[in-house]
Amino acid sequence: MTTIAERTNEGKRIITKKPELLAPAGSLEKLKIAVHYGADAVFIGGREFGLRSNADNFSLEEMREGVEFANKYGAKIYVTTNIFAHNENMDGLEEYLESLQEVGVTGIIVADPLIIETCKRVAPKVEVHLSTQQSLSNWLSVKYWKEEGLHRVVLAREVGLEEMLEMKKKVDIEIEAFIHGAMCISYSGRCVLSNHMTARDSNRGGCCQSCRWEYDLYETNENGEKALFEEGDAQYTMSPKDLNLVQAIPKMIEAGIDSLKVEGRMKSIHYVATVTSVYRKVIDAYCADPDNFKIDKAWLDELEKCANRDFAPQFFEGQPTFEEQMYGKTAKRTKYDFAGLVLEYDVETSMVTLQQRNHFKPGDEIEFFGPEIANFVQKVETIWDEEGNEIDAARHPLQVVRFKVDKPVYPQNMMRKEVR
């Protein structure tokens, strides 16, 4: 096994085996944002054989462009091919896998044994990573997939730290684990609520997230129905809180986990940028000086700015209780809108050229953030459109506008606005 740390001549301990930060990308724009904001690798979906049929999935031409972009930054691209295939799903599989190898993706994330064996045969340059859809949760199963020739296994979200440690101790294989994002109410992908309620198969890309719905609960008996809720209750019954392991990153690094995975291919570029940038900072800070590492409250606050659900560590340190579920009322949280994407900045005039993503106007307090800058807040003053006309608001989707900013910003930096 590779040691994860060494000491310098001054006796300072540094981490030499830094884990991969793996970010989601449901579109080419999100892929580029993820890499720009610090992802070492990105997972995407093609238009076939994947589990997010509603995402803006990638054509082969878009994959090629994404791979070329990622290569410039030393990042890797993995493609989800993680359906449990039925007979009618197999047409074109060999050609598709051969195409993935040709465009240069690093690996595929796969659950179905037939797809695994087919990839090994027709696209041997492509790494095969076992999907979380296999609900991998013990070291003997990890050993089995190692012997089957897989390069990496993605653990079930239900695996805790002690189980991870045993897997790493007993099997020499790359391990990928989720650190942030939505949780499945069932073992990932093993739920059939979506199939039952909407005839959309959660194991073939159609999950409608029935567990996220609000329900009225009733007790039935010989006298009929009795309501188990009161007017005004938040009607969540089985919806889990989102996973957040930002404070556990040191433990995961020390455990030797190879890839730290953020969930959310359906999320916005604001989510991708915010979450990726925070975990990038945490990983880098711990690896640079583990003995003196402390969690910065600003990192925790930053993650809250793109959250719309409560957080919990879920299974990482033990069996979750009802506290990890969204029963009853949810916590009220401050909401931020992604308001604009920086296109250009003029040093001489301090003017930013920005693509609008949500309504804002003069007098609004906004915040800029990005990998090249420290977050800063200011008020918007006069706004001009592309023709130089003063306008009373940036109200049109993707409208290009200009205004003065207090500090330098860079292309791909983002602007957000608190919703009051």
Side-chain angles (χ1 to χ4, degrees), residues 4-5 14-26 29-44 66 69-78 106 174-181 242-265 267-290 292-307 311 313 316 336 338 341-342 367-376 409-416:
I4 66 160
I14 60 171
I15 303 295
T16 54
K17 183 179 180 290
K18 186 182 288 191
E20 171 187 272
L21 175 57
L22 177 56
E29 180 186 35
K30 293 174 190 176
L31 182 154
K32 294 179 178 180
I33 288 292
V35 172
H36 184 75
Y37 278 73
D40 300 303
V42 177
F43 66 100
I44 66 175
F69 178 86
N71 284 345
K72 294 177 183 177
Y73 295 88
K76 299 176 180 179
I77 303 296
Y78 308 127
T106 298
E174 285 192 5
I175 286 182
E176 178 178 309
F178 284 91
I179 56 172
H180 197 92
D242 282 355
L243 178 67
N244 179 340
L245 291 181
V246 67
Q247 299 195 64
I249 293 303
K251 292 181 180 179
M252 300 191 83
I253 293 174
E254 295 292 344
I257 304 305
D258 300 274
S259 181
L260 307 179
K261 186 172 193 173
V262 175
E263 183 276 338
R265 281 195 291 132
K267 298 290 184 68
S268 69
I269 65 170
H270 176 240
Y271 170 91
V272 172
T274 302
V275 176
T276 301
S277 64
V278 169
Y279 281 98
R280 177 79 277 151
K281 291 171 185 173
V282 175
I283 293 168
D284 289 349
Y286 184 77
C287 290
D289 191 4
N292 297 300
F293 175 82
K294 292 182 180 178
I295 285 286
D296 188 336
K297 185 177 180 297
W299 299 334
L300 308 181
D301 294 342
E302 189 75 358
L303 288 176
E304 291 283 351
K305 292 176 183 177
C306 66
F311 288 134
F316 185 73
Y336 287 80
F338 169 36
L341 183 69
V342 173
E367 179 182 32
F368 282 98
F369 73 99
E372 303 89 352
I373 62 173
N375 291 24
F376 68 92
V409 290
Y410 298 84
Q412 305 301 315
N413 287 175
M414 293 188 184
M415 187 182 87
R416 59 165 73 105

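Atom CD1 of residue Ile249 and atom CH2 of residue Trp299 lie 11.0 Å apart, to the nearest 0.5 angstrom. Distance NZ/Lys281 to CG/Asp296: 8.5 Å, rounded to 0.5 Å. Going from atom SG of Cys287 over to atom CD1 of Ile14 covers 9.5 Å, rounded to the nearest 0.5 Å.
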Requested in this report: Check the pair Val262, Tyr271 against side-chain contact (heavy atoms from CB on, under 4.5 Å), reporting the backbone distance first and the verdict last.
Outcome: CA-CA 10 Å; Val262 175; Tyr271 170 91; 3.9 Å; yes
Requested in this report: Evaluate side-chain hydrogen bond (donor to acceptor under 3.5 Å, both in side chains) for Glu176 paired with Tyr78, printing each intermediate quantity in order.
Outcome: CA-CA 12 Å; Glu176 178 178 309; Tyr78 308 127; over 6 Å; no
Report task. Walk me through it: do Lys297 and Glu302 pass the test side-chain contact (heavy atoms from CB on, under 4.5 Å)? Result -> CA-CA 9 Å; Lys297 185 177 180 297; Glu302 189 75 358; over 6 Å; no
Report task. Decide side-chain contact (heavy atoms from CB on, under 4.5 Å) for Val35 and Lys30; before the verdict, give the C-alpha distance in whole Å, the side-chain angles of both, and the deciding distance to 0.1 Å. Result -> CA-CA 9 Å; Val35 172; Lys30 293 174 190 176; over 6 Å; no
Requested in this report: In sequence, state the C-alpha distance, the side-chain angles, and the governing distance for Glu304 and Tyr336, and then conclude on side-chain contact (heavy atoms from CB on, under 4.5 Å).
Outcome: CA-CA 9 Å; Glu304 291 283 351; Tyr336 287 80; over 6 Å; no
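The closest donor-acceptor contact from the side chain of Ser277 to the backbone of Thr274 lies under 3.5 Å. Formation of a donor-acceptor pair under 3.5 Å by the Lys76 side chain with backbone atoms of Asn71 is not found in this model. Without hydrogens or angle criteria, Asp40 side chain to Leu21 main chain gives a donor-acceptor distance under 3.5 Å. Under the 3.5 Å distance criterion, the side-chain polar atoms of Tyr37 are left unmatched by any main-chain donor or acceptor of Val275. Proximity of a side-chain donor or acceptor of Arg265 to a complementary backbone N or O of Gly26 within less than 3.5 Å is not detected. Side chain of Asn413 to backbone of Tyr410: a donor-acceptor contact under 3.5 angstrom is found.
Counting non-hydrogen atoms of other residues, nucleotides and ligands closer than 6.0 Å to CZ of Phe376 gives a total above 12. With a 6.0 Å radius and a threshold of 12 heavy atoms from other residues, nucleotides or ligands, Lys18 has its NZ atom above the threshold.
Between Glu20 and Ser259 the shortest heavy-atom distance is OE2-OG, 2.7 Å. The two residues Ala273 and Met414 make their nearest non-hydrogen contact at CB-CE, 3.5 Å. Listed here is the closest heavy atom pair of Ala75 and Ala39: CB-O, 4.2 Å. Heavy atoms only, all atoms of each residue included: Phe311 and Leu303 are closest at CZ-O, 4.1 Å. A pairwise comparison of heavy atoms in Gly256 and Ile4 identifies CA-CG2, 4.2 Å as the closest pair. Residues Ala25 and Val42 approach most closely at CB-CG1, 3.2 Å, considering heavy atoms.
At least one side-chain heavy atom of Phe43 sits under 4.5 Å from a side-chain heavy atom of Lys261. At least one side-chain heavy atom of Met252 sits under 4.5 Å from a side-chain heavy atom of Leu260. The side-chain heavy atoms of Glu263 and Ile179, taken from C-beta on, include no pair separated by under 4.5 Å. Contact annotation: the side chain of Val246 approaches that of Val282 to within less than 4.5 Å [non-hydrogen atoms, C-beta and beyond]. Side-chain contact between Ile253 and Tyr286 is present, with heavy atoms from C-beta onward closer than 4.5 Å. Thr276 is not listed as a side-chain neighbour of Tyr279, based on a closest heavy-atom distance of 4.5 Å or more. Proximity of Ile15 to Ile283: side-chain heavy atoms (C-beta onward) are nowhere separated by under 4.5 Å. Two residues are said to be in side-chain contact when any heavy atoms from C-beta on lie closer than 4.5 Å; His180 and Leu245 fail this criterion.
Ring geometry for Phe338 against His270 counts as parallel: the plane angle stays under 30°, on a 0 to 90° scale with 60° as the upper cut.
We find that Asp258 and Lys17 are joined by a salt bridge, their nearest charged nitrogen and carboxylate oxygen being less than 4.0 Å apart.
Every residue meeting the side chain to side chain donor-acceptor pair (under 3.5 Å) condition with Glu367, not counting sequence neighbours, appears here in chain and number order: Lys305, Asn375, Arg416.
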